[in-house]
Protein chains: 2
Amino acid sequence: MTIGAMERSSATPGGRTRREATRQKLYEAAVTLIAEQGFSATTVDEIAERAGVAKGTVYYNFASKSVLFEELLRHGVGLLTASLKEAAERTAREGGSRVEALDAMVRAGLVFIDRYPAFTQLYVAELWRTNRAWQSTLMVVRQEAVAVVEGVLREGVANGEFSEEIDVPLTAAALVGMVLVAALDWKSFQPERSLDDVHAALSRLLQGRVSGRP
Amino acid sequence: MTIGAMERSSATPGGRTRREATRQKLYEAAVTLIAEQGFSATTVDEIAERAGVAKGTVYYNFASKSVLFEELLRHGVGLLTASLKEAAERTAREGGSRVEALDAMVRAGLVFIDRYPAFTQLYVAELWRTNRAWQSTLMVVRQEAVAVVEGVLREGVANGEFSEEIDVPLTAAALVGMVLVAALDWKSFQPERSLDDVHAALSRLLQGRVSGRP
DNA sequence: CTTTTTGCACTGACCAGTCAGTACAAAAAT
DNA sequence: ATTTTTGTACTGACTGGTCAGTGCAAAAAG
């Protein structure tokens, strides 16, 4: 049946199919609307209108409103995870310590949120909900991101750089939360501040240079 | 308008009116449902049913669904703020340091989340949304809570206990985020852990005892 | 007697999802 | 070279259901 059907459509010069471009537009429209209003309060008509396509096109490209949302989640968290991994690996390659790796990941997180604030907003808003259709997708995808941080913490414990007493999963969650919330606050309430500024404040907190010493 | 309406009805011996009891039931029903499903996905019929009252009673007690929600937010954050303030003041009274005050507030936050997990969930989910009716309520109420933390940080800077270089608002936001996210993760993903356990892990992080030293 | 709650029927706006049809370009047939 | 067919992407009017909010009479509570 629809097997040999794909070739004809890789038309556009950029190598990108028409369909992919439409899906991208729909992602972009959906992410800001859902971040602002929430999933249920956002209508498919709004998404279509903002993307500049007809409502039918949404359903031509996605099976349903929630499938669109689920794929959006996967897509977004994929970007974040890749970026965190890249930061950790780059630090390792350059012979940095685990603290430096953590710091690099904090920065990578901030850069991500700086670039995709709406996605971050939406992610946080949905993460701890229960009884929702995409709950399991969300769990999987969350674990991928947190696992990267846990990995660095464990390596640090192994080589003696971190105390053996730290609780790896909990500390990883707390670190992710710290960055997430601080960054959302930055974007919402003091957007004029620079990324470096925010990064410096979090570094200080991370390295315990808040109380006491230089 | 509705100003002189309150006095007549303080009937019940307990000081609590019939009406207040109904409102309380509605708060409790609404908070769990909205935490699970979100505001828009939760119907007034569901809220009424879970509270065990007729739908008409909801509208007799609240002007609309969103007014119910707004008053719920105010009510909940009021409890949290009071609890944080109490922790900070108790520490001060007992002659504790500012770090100890911070630590006491972390614990107070955890106790609150332990007792009202649904409210916390819902609060986090709504906090960074824009374009919603209760946006301004939320901002006011958030500032009240964060201000308590900022106060302690500022006192610490003033008496030399904290570095002068810390960024008070940002650090306060990061601390709140750390506790919020760690606690939600605790409740969602490892609910068997004890409060003391979680508190110990966060204390360690707070006091920079992750990297290096005892 | 007043306040509060109940139960239930009703309305009208709104919205997810459907479907018959259009546009168009590449391929096949003539 | 031209006509015809086929597959893909998209369109927008329409439908069936849902839900916030109303209206009201009668009962319960105080």
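Chain A is the first sequence line, chain B the second, and so forth, proteins listed ahead of strands; every chain is numbered from 1.
- The base of dG21(D) does not come close enough to the side chain of Lys65(B) for any donor and acceptor atom to sit less than 3.5 Å apart.
- The side chain of Thr43(A) lies closest to dC15(C) when the candidates are dC15(C), dA20(D), dG21(D).
- Positionally, the nearest nucleotide of DNA chain C for Val53(B) lies more toward the 5' end than for the other of Val53(B) and Ser66(A).
- The aromatic rings of His75(A) and Tyr27(A) sit parallel to each other, their planes meeting at less than 30°, with 60° as the upper class boundary.
- Remark: P of dC14(C) and CD of Gln37(A) are 14 Å apart, rounded to the nearest angstrom.
- Note: CZ (Arg23(B)) to C1' (dT3(C)) measures 15 Å, nearest angstrom.
- Taking 4.0 angstrom as the limit, Thr57(A) places none of its side-chain polar atoms (N or O) nearer than this to OP1 or OP2 of dA9(D).
- By the 6.0 Å and 45° rule, Arg154(A) does not stack over the aromatic ring of Phe162(A).
- Aromatic ring orientation, Phe119(A) versus Tyr123(A): parallel (interplanar angle below 30°, classes split at 30° and 60°).
- Protein atom CD of Glu20(A) is 12 Å distant from nucleotide atom P of dC10(D), rounded to whole Å.
- Tyr59(A) places its OH atom 17 Å from the P atom of dT15(D), with the value rounded to the nearest Å.
- Atom P of nucleotide dA13(D) and atom CD of Glu49(A) are separated by 13 Å, given to the nearest angstrom.
- At whole-Å resolution of the value, CG in Asp45(A) and P in dT11(D) are 13 Å apart.
- Phe69(B) does not carry Arg132(B) over the face of its six-membered ring by the limits of under 6.0 Å from the centre and within 45° of the normal.
- OP1 or OP2 of dC10(D) has at least one side-chain nitrogen or oxygen of Asn61(A) nearer than 4.0 Å.
- Here the side chain of Lys55(B) is nearest to one of dA20(D), dG12(D), dT4(C), namely dA20(D).
- The shortest distance between the side-chain N/O atoms of Thr22(A) and the OP1/OP2 oxygens of dC10(D) is below 4.0 Å.
- At least one side-chain nitrogen or oxygen of Tyr60(B) sits closer than 4.0 Å to the OP1 or OP2 atom of dT4(C).
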